[in-house]
Amino acid sequence: QVQLVESGGGLVQAGGSLRLSCVPSGRTFSTTPMGWFRQAPGKEREFVSATTRDGDSTGYADSVRGRFTISRDKVKDALYLQMNSLAPEDTAVYYCAARRQISRSGRVYLLEHQYDLWGQGTQVTVSS
């Protein structure tokens with residue numbers, strides 16, 4: 001069974017950093033568009049960042065641009081989210097997502113429904 005497994009979440013003070021990782025099991029996603037989404041308590045899941053299937057282009061939500069960096073390692077078949085200057089409003093469950101459908105080269109997918117495989121999520125809590 002194909003799965004995405006996130007790790008790297010935890011509790012951090014405001015201004016701190018965390019690095020999330022997403023590793024697939026069951027098949028490779030090295031040529032699949034992937035992204036990160038998050039869901040805060042009482043809120044809907046929202047887009048955070050995404051990258052193309054080749055990793056040559058990225059997209060960010062306005063709220064994280066300049067603080068978060070998405071990257072992928074095709075050798076390790078892993079997706080990362082480096083989060084710096086964390087703030088309490090970044091507290092959420094962070095989800096890794098993959099798009100297994102046919103995708104256009106160079107396109108960054110920003111919408112939740114454009115992804116069809118999701119991880120279980122990893123909790124990020126930022127204390128003030």
Side-chain angles (χ1 to χ4, degrees):
Q1 183 177 359
V2 178
Q3 292 183 325
L4 296 175
V5 181
E6 303 99 332
S7 62
L11 174 64
V12 64
Q13 289 188 334
S17 298
L18 284 174
R19 188 196 194 201
L20 305 183
S21 299
C22 173
V23 179
S25 65
R27 58 155 285 184
T28 180
F29 285 90
S30 62
T31 58
T32 301
M34 298 188 73
W36 291 97
F37 290 74
R38 68 185 181 185
Q39 186 169 20
K43 295 186 177 181
E44 294 186 349
R45 189 155 56 184
E46 65 176 4
F47 169 76
V48 175
S49 181
T51 183
T52 58
R53 65 187 193 189
D54 297 319
D56 56 354
S57 186
T58 58
Y60 296 93
D62 289 342
S63 59
V64 307
R65 186 176 290 111
R67 301 187 298 123
F68 291 11
T69 303
I70 190 171
S71 62
R72 64 191 309 169
D73 185 329
K74 289 194 173 184
V75 174
K76 296 182 179 180
D77 201 15
L79 180 74
Y80 303 105
L81 186 67
Q82 178 66 44
M83 306 186 295
N84 299 329
S85 302
L86 284 162
E89 51 266 35
D90 295 316
T91 294
V93 176
Y94 284 71
Y95 297 91
C96 171
R99 175 183 169 88
R100 296 176 292 181
Q101 305 163 47
I102 294 175
S103 304
R104 294 183 180 179
S105 177
R107 181 171 177 178
V108 178
Y109 293 86
L110 309 180
L111 304 177
E112 190 174 343
H113 75 268
Q114 294 173 318
Y115 294 88
D116 58 333
L117 182 66
W118 295 82
Q120 293 299 307
T122 184
Q123 176 70 48
V124 171
T125 303
V126 185
S127 63
S128 57

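In terms of modelled atom types and a separation under 3.5 Å, the side chain of T91 and the main chain of V126 share a donor-acceptor contact. In this structure, the side chain of E6 engages the main chain of Q120 through a donor-acceptor pair within 3.5 Å. Judged by distance alone, with hydrogens and angles left aside, the side-chain atoms of T52 form no donor-acceptor pair with the main-chain N or O of R107 at under 3.5 Å. Between the side chain of S25 and the main chain of V23, no donor-acceptor pair closer than 3.5 Å is present. With Q82 contributing its side chain and R19 its backbone, the two residues share no donor-acceptor pair below 3.5 Å.
Counting side-chain heavy-atom gaps under 4.5 Å among Ile, Leu, Val, Met, Phe, Trp and Tyr, Y80 is found in no cluster with other residues.
The nearest pair of heavy atoms linking T32 to A98 is CG2-CB, 4.1 Å. Among all heavy-atom pairs drawn from Y115 and A50, the shortest one is OH-CB, 3.4 Å. Of all heavy-atom pairs spanning P88 and A14, the tightest one is CD-CB, 4.1 Å. Among all heavy-atom pairs drawn from V124 and G9, the shortest one is CG2-CA, 4.1 Å. Scanning all heavy atoms of the two residues, the minimum distance from S105 to R53 falls at CB-NH2, 3.4 Å. Across all their heavy atoms, I102 and R99 have their closest contact at O-NH2, 3.1 Å.
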Discussion item. Under the criterion side-chain contact (heavy atoms from CB on, under 4.5 Å), I'd like the reasoning laid out for D90 against R67: C-alpha separation, chi angles, the key distance, then a yes or no.
Written reply: CA-CA 11 Å; D90 295 316; R67 301 187 298 123; 2.8 Å; yes
Item to complete: Check the pair E112 / W118 against side-chain contact (heavy atoms from CB on, under 4.5 Å), numbers first and verdict last.
Response: CA-CA 10 Å; E112 190 174 343; W118 295 82; 3.5 Å; yes
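Note that the CG atom of L81 and the OH atom of Y60 stand 7.5 Å from one another [nearest 0.5 Å]. Rounded to the nearest 0.5 angstrom, L110 CG and F37 CZ are separated by 7.5 Å. To the nearest 0.5 angstrom, S21 atom OG is 8.5 Å from L79 atom CG. Here CD of Q13 is found 11.5 Å from CG of L86. Values are rounded to the nearest 0.5 Å. Here F68 contributes atom CZ and L18 contributes atom CG; the two are 9.0 Å apart, rounded to the nearest 0.5 Å. Here M34 contributes atom CE and S49 contributes atom OG; the two are 11.5 Å apart, rounded to the nearest 0.5 Å.
No continuous path of ILVMFWY side-chain contacts below 4.5 Å connects I70 to V108, so the two sit in separate hydrophobic clusters. V12 and L20 fall within the same hydrophobic cluster, where Ile, Leu, Val, Met, Phe, Trp and Tyr residues are linked whenever their side-chain heavy atoms come under 4.5 Å apart, directly or through other members.
E46 CD: more than 12 foreign heavy atoms inside a 6.0 Å radius. In the displayed structure, K76 atom NZ is contacted under 6.0 Å by at most 12 heavy atoms of other residues, nucleotides or ligands.
Paired with Y94 under the rule side-chain hydrogen bond (donor to acceptor under 3.5 Å, both in side chains), one option of Q39, R38, R45 passes, and it is R38.
Annotation: side chain of Q114 is not in contact with side chain of F47 (no heavy-atom distance under 4.5 Å).
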